[in-house]
2 protein chains.
Amino acid sequence: MFSKSCEYAIKAMIFVAQKSNADTRVGIKEISKGTDAPEHFMAKIMQDLSRRKLIHSVKGPNGGFYMDASDLKNSIADIVKAIDGDVIYSDCVLGLKVCSEKNPCPVHFEYKEIKKSLIKMIENNTIADFNEKLDTGMYFLKNK
Amino acid sequence: MFSKSCEYAIKAMIFVAQKSNADTRVGIKEISKGTDAPEHFMAKIMQDLSRRKLIHSVKGPNGGFYMDASDLKNSIADIVKAIDGDVIYSDCVLGLKVCSEKNPCPVHFEYKEIKKSLIKMIENNTIADFNEKLDTGMYFLKNK
DNA sequence: TACTCACATGATTTAGAAAACATGATTTAT
DNA sequence: ATAAATCATGTTTTCTAAATCATGTGAGTA
């Protein structure tokens, strides 16, 4: 559904939210281990997220990434838009460049409703929400 | 959502359903033009569909592809399973290899419901259904 | 039979995402 | 001020889906 980059980005945001606070930062190594993502690739993604102000970073010794209260208010949709753009809002099951009310593919109207709930899901779930969930220890960001 | 191959496969099935009957077959060239897909690539996909008995083919002069009554009863899900396998049934928003009730990613339960309606959609829509739709001229398989 | 048409099969190439690498810049600590 | 830690940036490599190419096979027709 999302690009690999985007999957990693979401996982990283959730992971950092869990592990960081005002003066505890999380480094790339820890993030990539905690989310089961390739280190160098994840580094690049973190820099994207940082450039787009979805997360804070500090250089140097004891540096790393962290999230403040306003970062925690971001939704999954904000991350997806930052990394994958708005394909999720415009994509077509059959791959039509333009698939709309006026120019619908054969499944346009059926998919429309599903897409609506999909968008609702990613827009209504904030990082803070996941933070609480993960605290229960009943959810996972990686398999092994 | 689906692979490019799968998108083309669905379009091709719908297209052939429209254009063919017992003694009118549709050739690769016509199919690829009618669905805006690369000819050689589409040829390969048609052969997959043919091998998996989702469509009939005839070699030689006046040969081509066609669908009989039972072919028309196939659902979109049948095509998806033939081309992409059952990833749609097991995929995870965050890319976990195993994402289940026992080992859920943070969005597993929210996505579960959406996935259910997605599957329902592709299982309940048969090629024959589209055939009728397309007759109205209000749906499209390509843009230009 | 021989020729042609059109699908079938397998090998090859291309393009773009995913991943890795090399180097630069900034901060902290001594 | 120097060195080490850590994020930032740009380039290169790898991998796989997507697309193409070359050749084979069966069916129809004269």
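The figures here come from the full heavy-atom set of this structure, side chains too, leaving out hydrogens, waters and symmetry mates. Letters A, B, ... are given to chains in the order of the sequence lines, protein chains preceding strands, and every chain is numbered from 1.
Distance CG (Asn62(A)) to C1' (dC7(D)): 13 Å, rounded to an integer number of Å. Distance, Asp48(A) CG to dG10(D) P: 11 Å, rounded to whole Å. Rounded to a whole Å, the CE atom of Met1(B) is 18 Å from the P atom of dA17(D). One interatomic measurement links the two molecules: CG of Asp84(A) to P of dG16(C), which rounds to 17 Å at whole-angstrom precision. Atom NZ in Lys4(B) sits roughly 12 Å away from atom P in dG16(C) (whole-Å rounding). Atom pair Phe65(A):CZ and dA5(D):C1' shows a separation of 13 Å (rounding to whole Å applied). The separation between Ile45(B) atom CD1 and dA19(D) atom C1' is 10 Å, rounded to whole Å. For the pair Glu39(B) CD and dA6(C) C1', the interatomic distance rounds to 11 Å; values are reported in whole Å.
Of the side-chain N and O atoms in Ser50(B), one or more sit less than 4.0 angstrom from OP1 or OP2 of dA8(C). Between Tyr8(A) and dA18(C), a side-chain N or O to OP1/OP2 separation shorter than 4.0 Å is absent. Of the side-chain N and O atoms in Ser5(B), none sit less than 4.0 angstrom from OP1 or OP2 of dA17(D). The phosphate of dT6(D) (OP1 or OP2) has no side-chain N or O of Ser57(A) nearer than 4.0 angstrom.
Ion pairing between a basic and an acidic side chain is recognised when a charged N comes within 4.0 Å of a carboxylate O; Glu123(A) and Lys120(A) show no such pairing.
In DNA chain D, runs of at least 3 stacked Watson-Crick or G-U pairs (N1-N3 plus N6-O4 or O6-N4, or N1-O2 plus O6-N3, all under 3.5 Å) give these stems: C:1-30 with D:1-30.
In terms of polar N and O atoms assigned as donor or acceptor, the side chain of Lys59(A) never comes within less than 3.5 Å of the base of dG24(C) in a complementary pairing. Below the 3.5 angstrom threshold, one finds a donor paired with an acceptor across the side chain of Lys44(A) and the base of dT11(D).
A donor-acceptor distance shorter than 3.5 angstrom exists from the side chain of Lys142(A) to the backbone of Lys33(A), with no hydrogens or angles considered.
The closest side-chain donor-acceptor pair between Asp129(B) and Thr126(B) falls under 3.5 angstrom. In the model, Asp78(B) has a side-chain atom that pairs as donor or acceptor with a side-chain atom of Ser75(B) under 3.5 Å.
Of all heavy-atom pairs spanning Met67(B) and Leu54(B), the tightest one is CE-O, 4.0 Å. Counting all heavy atoms, side chain and backbone alike, Ile83(B) lies closest to Ser3(B) at CG2-OG, 4.4 Å.
Ile79(B) is listed as a side-chain neighbour of Leu49(B), based on a closest heavy-atom distance under 4.5 Å.
Using a 4.0 Å heavy-atom distance criterion, Arg51(B) is classed as a sugar-phosphate-only contact.
Looking at the side chain of His40(B), the nearest of the listed nucleotides dT20(D), dC7(C), dA27(D) is dT20(D).
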